[in-house]
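These notes are about the structure you will find just below.
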Amino acid sequence: MTKHNNLQSISVRIAVKTPAVSRALEEIVSTLDGFEQQLDEKATQTDVLVLEVGDNPAKEFETVRALLEDGVVNQVFLTSAKTTTDILLPALRTGAKQFFQQPLVFQEVQQAFVDIHKERIAGEGIAVEKVSIKPGKMVSVLGAKGGVGTTTVAVNLAVSLNRLYPEKTIALVDMNRVLGEVTVFLDLQTEFNWDELVKNISRLDPAYLAKALIQSAPGLYVMPAPNSIESGSQVSSQVMKQVLETTKNSFDFVIVDAGTQVGASAFRIFSSSDTIALITTLSLPCIINVKRLLGTMRLLGSIPMNNINIIANRFEKKSAISLEDTEKMTGHSVYSTLPNDYQKTLEAINTGKPLVDVAKNSQLVKSLNKLAESLIVKEEPVVKRKSWFW
Ligand SMILES: Nc1ncnc2c1ncn2[C@@H]1O[C@H](COP(=O)(O)OP(=O)(O)OP(=O)(O)O)[C@@H](O)[C@H]1O
Ligand SMILES: [Mg+2]
C-alpha cells in the first residue's frame, strides 16, 4: 500500500531528447511519492508533460498550446539548454507552468512537482502527508576576529565542494552586515536585490532562490551580503534566519560567510547550522576570542558544542603557540589546519578567482579539499547520487 492510497498517482510523460536530462527527470519522478512515469505510448491523457524544446520551437509551442487547450495534458514543464529571450518568453506564453534551464537544478524541478501535488490535494480536498524534501547541510564559517581568513575559507570551501561533487547544489551566502566580499572574491556582478527578497519572504521557495541567486558555476550559487550601506535598509536577524532556513531546504549545501559575530541574536541566525567552522589563527588574541565565543555558545545552548569545528588558518608548524596549547586554552579540539600561503590567497583575491584556479596543487587547496570531503563523509557516508548537472 502506498502512502497516497486514497489518491491516484499523478502521471508524468517525459519527452526529453537529451539522455542525461531525461535520466535525471526519471530519477526525480521516481523519488517523489504520488507520481508515476507514464511509459505507455498509447495513453490518451497525461497529468504532467515535461518537454524539451527542440529544433523547431515555434511549432512545438503551438503543439503545447493545443495539448493544454484540448485537455490532453493538464500541466506542461518545458526545458532547454537555451535561455535566450526568443525562447524563454514564447515558452512561458504557451501556458507552460515552468521552464527549467539546463543544467537542471534538482531542487527547482523537485519543488515544481511538489507544487503540482499540493494543488492536486487542494483541488480534491484531500488531506495527505506532505511530500517531504530533505534539507541540505549548512556550514557557517565564523571568524574568531576580523581578517583571520573567514571569507577565504568560506568561498574556497564552497568551490572545493562544487568541484569535488558536481552533483551537489551549493549556496554560498554572504552574511557580513557591513561589507560583504564574496562577490569580489569570485569576480561576480551583484544584481541580487535584497529588498526584493525581503518583500517576497513569504514565497521564498527553491525555484525563486535558484533564479534570484547569482550563478558562479554550474551548481554553485551566491547570495551577496545584505549591505546596509548600499541598500540603505537593515535586514533583521529574523529575516536572515528565515532566508537561511529556506536556502537550507533548497540546496544540498549552504556555506555561510558569517564574518565575525558576537551577540546572542547573531548566534540565533546560525543556530540551525549543522557545522560551525570557527576560523582562528594561532595568535593569543584570536585564541582568547575563540574561548569567549565557545563560552557564549555553550551558555546559549542553541548550538551543540560538537557541531563547532575549530579550524586553524594560516597554520605554520613552527608557530609559537602549538595546536596542543590551543586545545588546552580553549578546552576544545582543533578540527583541522589550513597552511599559511599569503601569496596565493592574495593572488586569488586580487584576480577574483578561487584558489584552485591559481594554485591547484598547493597544500592549501589540498587541505581545503580534505575539509570539503570530511564534511561530505561526515554527513553522507554511503549514498552518492547520480549527477544532476551536465
Ligand atoms: N591560509 C592563508 N594563508 C595566508 N594568508 C591568508 C590565508 N587565508 C587568508 N589569508 C589572507 O588574510 C587576509 C584576509 O583574508 P579574508 O578577507 O579572507 O579574511 P576575513 O576574515 O574574511 O576578513 P574580514 O574580517 O575583513 O572579512 C587576506 O589578505 C588573505 O590573503
Ligand atoms: Mg571577510
Side-chain angles (χ1 to χ4, degrees), residues 139-161 171-188 190 216 222-230 240 254-263 266 269-270 273 276-290 292-293 308-321 323 326 334-372 374:
V139 181
S140 291
V141 185
L142 181 66
K145 250 167 92 45
V148 291
T150 310
T151 305
T152 299
V153 175
V155 165
N156 290 290
L157 183 61
V159 172
S160 279
L161 280 170
L172 171 59
V173 180
D174 192 341
M175 282 281 165
N176 284 280
R177 298 291 192 114
V178 185
L179 276 181
E181 287 178 333
V182 166
T183 49
V184 179
F185 275 53
L186 289 173
D187 193 23
L188 296 169
T190 1
S216 161
V222 173
M223 187 187 291
N227 286 346
S228 48
I229 290 174
E230 269 171 31
M240 294 256 240
V254 182
I255 308 294
V256 183
D257 175 355
T260 41
Q261 306 280 348
V262 276
I269 303 175
F270 312 116
S273 308
I276 307 266
L278 182 49
I279 312 299
T280 186
T281 55
L282 297 189
S283 70
L284 204 50
C286 271
I287 294 169
I288 290 170
N289 272 1
V290 168
R292 277 196 200 130
L293 287 168
I308 304 168
N309 292 335
I310 297 180
I311 294 169
N313 191 29
R314 309 195 66 164
F315 178 68
E316 276 176 306
K317 286 201 180 92
K318 56 181 191 317
S319 140
I321 302 177
L323 291 175
T326 309
V334 176
Y335 183 76
S336 69
T337 59
L338 295 171
N340 190 40
D341 193 341
Y342 184 69
Q343 202 200 332
K344 290 296 176 198
T345 52
L346 200 63
E347 187 185 335
I349 296 168
N350 287 342
T351 52
K353 288 182 181 158
L355 270 164
V356 64
D357 288 345
V358 300
K360 190 167 184 281
N361 298 316
S362 65
Q363 279 310 318
L364 181 53
V365 168
K366 284 180 188 154
S367 301
L368 282 159
N369 285 345
K370 258 202 205 149
L371 188 59
S374 83

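Every number for a ligand or one of its atoms is a count from 1 in the order of the listing. As the structure is a computational prediction, the values presented were derived from the model and not from experiment. Counting from 1, the numbers follow the sequence of the chain as shown.
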Can you see which heavy atom on [X] is nearest to which on [Y], and at what distance?
X	Y	answer
S336	L371	OG-CD1, 3.5 Å
A312	L282	CB-CD2, 4.0 Å
P226	N176	CD-O, 3.9 Å

Validation row: [X], [Y] side chains within 4.5 angstrom (heavy atoms):
X	Y	value
T150	D257	yes
D341	Q363	no
I310	Y335	no

Could you list each nitrogen or oxygen of ligand 1 that sits under 3.5 Å from a protein nitrogen or oxygen, with the atom names and the distance?
{"from": "ligand 1", "atom 1": "1 (N)", "to": "N313", "atom 2": "OD1", "distance (Å)": "2.9"}
{"from": "ligand 1", "atom 1": "1 (N)", "to": "P339", "atom 2": "O", "distance (Å)": "3.0"}
{"from": "ligand 1", "atom 1": "3 (N)", "to": "N340", "atom 2": "OD1", "distance (Å)": "3.3"}
{"from": "ligand 1", "atom 1": "3 (N)", "to": "D341", "atom 2": "N", "distance (Å)": "2.8"}
{"from": "ligand 1", "atom 1": "5 (N)", "to": "R314", "atom 2": "NE", "distance (Å)": "3.3"}
{"from": "ligand 1", "atom 1": "5 (N)", "to": "T345", "atom 2": "OG1", "distance (Å)": "3.3"}
{"from": "ligand 1", "atom 1": "8 (N)", "to": "N313", "atom 2": "ND2", "distance (Å)": "3.1"}
{"from": "ligand 1", "atom 1": "18 (O)", "to": "T152", "atom 2": "N", "distance (Å)": "2.8"}
{"from": "ligand 1", "atom 1": "18 (O)", "to": "T152", "atom 2": "OG1", "distance (Å)": "2.5"}
{"from": "ligand 1", "atom 1": "19 (O)", "to": "G149", "atom 2": "N", "distance (Å)": "3.1"}
{"from": "ligand 1", "atom 1": "21 (O)", "to": "G147", "atom 2": "N", "distance (Å)": "3.2"}
{"from": "ligand 1", "atom 1": "21 (O)", "to": "V148", "atom 2": "N", "distance (Å)": "3.1"}
{"from": "ligand 1", "atom 1": "21 (O)", "to": "G149", "atom 2": "N", "distance (Å)": "3.0"}
{"from": "ligand 1", "atom 1": "21 (O)", "to": "T150", "atom 2": "N", "distance (Å)": "3.0"}
{"from": "ligand 1", "atom 1": "21 (O)", "to": "T150", "atom 2": "OG1", "distance (Å)": "3.3"}
{"from": "ligand 1", "atom 1": "22 (O)", "to": "T151", "atom 2": "N", "distance (Å)": "2.9"}
{"from": "ligand 1", "atom 1": "22 (O)", "to": "T151", "atom 2": "OG1", "distance (Å)": "2.8"}
{"from": "ligand 1", "atom 1": "23 (O)", "to": "G147", "atom 2": "N", "distance (Å)": "3.2"}
{"from": "ligand 1", "atom 1": "25 (O)", "to": "G147", "atom 2": "N", "distance (Å)": "2.8"}
{"from": "ligand 1", "atom 1": "31 (O)", "to": "T345", "atom 2": "OG1", "distance (Å)": "2.8"}

N/O/S atom of N176 inside 2.8 Å of the Mg ion (ligand 2), strictly under: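 No - counting backbone and side chain alike, N176 has no N, O or S atom under 2.8 Å.
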
